[in-house]
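This report concerns only the one structure given below.
Residues: numbered from 1 along the sequence shown. Order of appearance sets the numbers: ligands from 1, and atoms from 1 within every ligand.
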Amino acid sequence: MDLKALIRDIPDFPKPGIIFRDITTLLRDREGLRYTIDTLSDKFQKANLIPDYVIGIESRGFLFGPSLAYQFNAGFVPVRKPGKLPAAVHSMEYDLEYGKDKVEMHQDALPPNSKVVIVDDLIATGGTAKATADLVNKIDCELLGFGFIIELKDLEGRNKLPDVPIITLVDY
Ligand SMILES: O=P(O)(O)OC[C@H]1O[C@H](OP(=O)(O)OP(=O)(O)O)[C@H](O)[C@@H]1O
Ligand SMILES: Nc1ncnc2[nH]cnc12
């Protein structure tokens, strides 16, 4: 299936010069959505990456992570932007193009020695995924790999990530 044909390009959003890869048009397409989740989970399984927990990154990682977790009979753990999670959190700051941002995860979200994968819709500079991997590192868990629907290759975000398999479906 041609997933790129289902992803809409919006020029100059959210600022001039950025081509926004809009996955809402993929999500609303019933065959496209099924194909996306099935293919992502097949690729994980073929690589022998079977997690106990899927970690999804707010907010667009929440659109794919739970379905993937369901396929693996795994749990889903949200990583959120600051101040959203109610219980005690681990926090990790990371650099943006201008300034800084932060991601948080509940301290008790993952039992020690859990096997986890990190899922998001898209990897650009890799800062968000790297910060999420650093959060997992704070607890004694095993990061099996990453899954992204879209990779923006030119930004070389994968070079920031730890040396585990990275599964992607569409490159730009
Ligand atoms: O690789 P990076 O340069 O870190 O960028 C990738 C992140 O940017 C987007 O999220 P965004 O921060 O726009 O938030 P959203 O999912 O809530 O729209 C995307 O969903 C990834 O999480
Ligand atoms: N070009 C892009 N399209 C959609 N989401 C993004 N997040 C970072 N860069 C993006």
Going by the order shown, which atoms of ligand 2 are within less than 4.0 Å of some heavy atom of R60?
-> 4 (C), 5 (N)
Return a yes/no value for G126: is any of its N or O atoms, backbone included, closer than 3.5 angstrom to an N or O of ligand 1?
-> yes
Is it true that R158 and E151 have a side-chain N and a carboxylate O under 4.0 angstrom from each other?
-> yes
Taking atom CG of D140 as the centre, report whether more than 12 heavy atoms of other residues, nucleotides or ligands fall under 6.0 Å from it.
-> no
Within a reach of under 6.0 Å around CG of N48, are more than 12 heavy atoms found that belong to other residues, nucleotides or ligands?
-> no
For ligand 2, is L152 a contact, meaning one of its heavy atoms is under 4.0 Å away?
-> yes
Numbered atoms and elements of ligand 1 in range of A124, under 4.0 angstrom, heavy atoms | 1 (O), 2 (P), 3 (O), 5 (O)
How does D121 reach ligand 1, by side chain, by backbone, by both or by neither, if only non-hydrogen atoms under 4.0 Å count?
-> side chain
Heavy atom of G157 under 4.0 Å from ligand 1?
-> no
If you round to the nearest 0.5 Å, how far is CZ of F44 from CG of L144?
-> 8.5 Å
Greater than 12 external heavy atoms within 6.0 Å of F20's CZ | yes
Closest to atom 2 (P) of ligand 1 (heavy atoms only, candidates T132, I150, T125) is T125
Please report which non-hydrogen protein atom sits nearest to atom 12 (O) of ligand 1, along with the residue it belongs to and the distance in Å to one decimal place.
-> K81 NZ, 3.5 Å
Residues K115 and E142 bridged, charged N to O under 4.0 Å | yes
E58/R80 ion pair, N-O < 4.0 Å = yes
So, does H90 use its side chain to make a donor-acceptor pair with the main chain of M105 at under 3.5 Å?
-> no
Basic-acidic side-chain contact under 4.0 Å: K130, D134 | yes
Under a heavy-atom criterion of less than 4.0 Å, does K130 contact ligand 1?
-> no
Among all protein non-hydrogen atoms, which one is nearest to atom 17 (O) of ligand 1, and what is the separation to 0.1 Å?
-> S59 OG, 2.7 Å
Considering the heavy atoms of L122, write down every atom of ligand 1 situated less than 4.0 Å from one of them.
-> 6 (C), 21 (C)
Could you tell me whether the side chain of K43 and the main chain of T168 form a donor-acceptor pair under 3.5 Å?
-> yes
Got the closest protein heavy atom to atom 21 (C) of ligand 1, with its distance?
-> D120 OD2, 3.1 Å
With heavy atoms of A124 as the reference, note each atom of ligand 2 found under 4.0 Å away.
-> 8 (C), 9 (N)
Please check atom 8 (O) of ligand 1 for a protein heavy-atom neighbour under 4.0 Å.
-> no
When you look at CG of N159, are more than 12 heavy atoms from neighbouring residues, nucleotides or ligands closer to it than 6.0 Å?
-> yes
Taking the side chain as C-beta and beyond, is there a heavy-atom pair between F76 and Y70 under 4.5 Å?
-> no
Taking both backbone and side-chain atoms of I19, is any N or O found less than 3.5 Å from an N or O belonging to ligand 2?
-> yes
Provide, to 0.1 Å, the distance between atom 4 (O) of ligand 1 and the closest protein heavy atom, together with that atom's residue and name.
-> T128 OG1, 2.4 Å
Nearest-neighbour protein heavy atom for atom 13 (O) of ligand 1, which is reported as residue plus atom name and distance | R60 NH2, 3.1 Å
Identify, for atom 3 (N) of ligand 2, the protein heavy atom at the shortest distance, and state residue, atom and that distance.
-> R21 N, 2.9 Å
What is the nearest protein non-hydrogen atom to atom 6 (C) of ligand 2, stated with its residue, atom name and distance?
-> L122 CD2, 3.6 Å
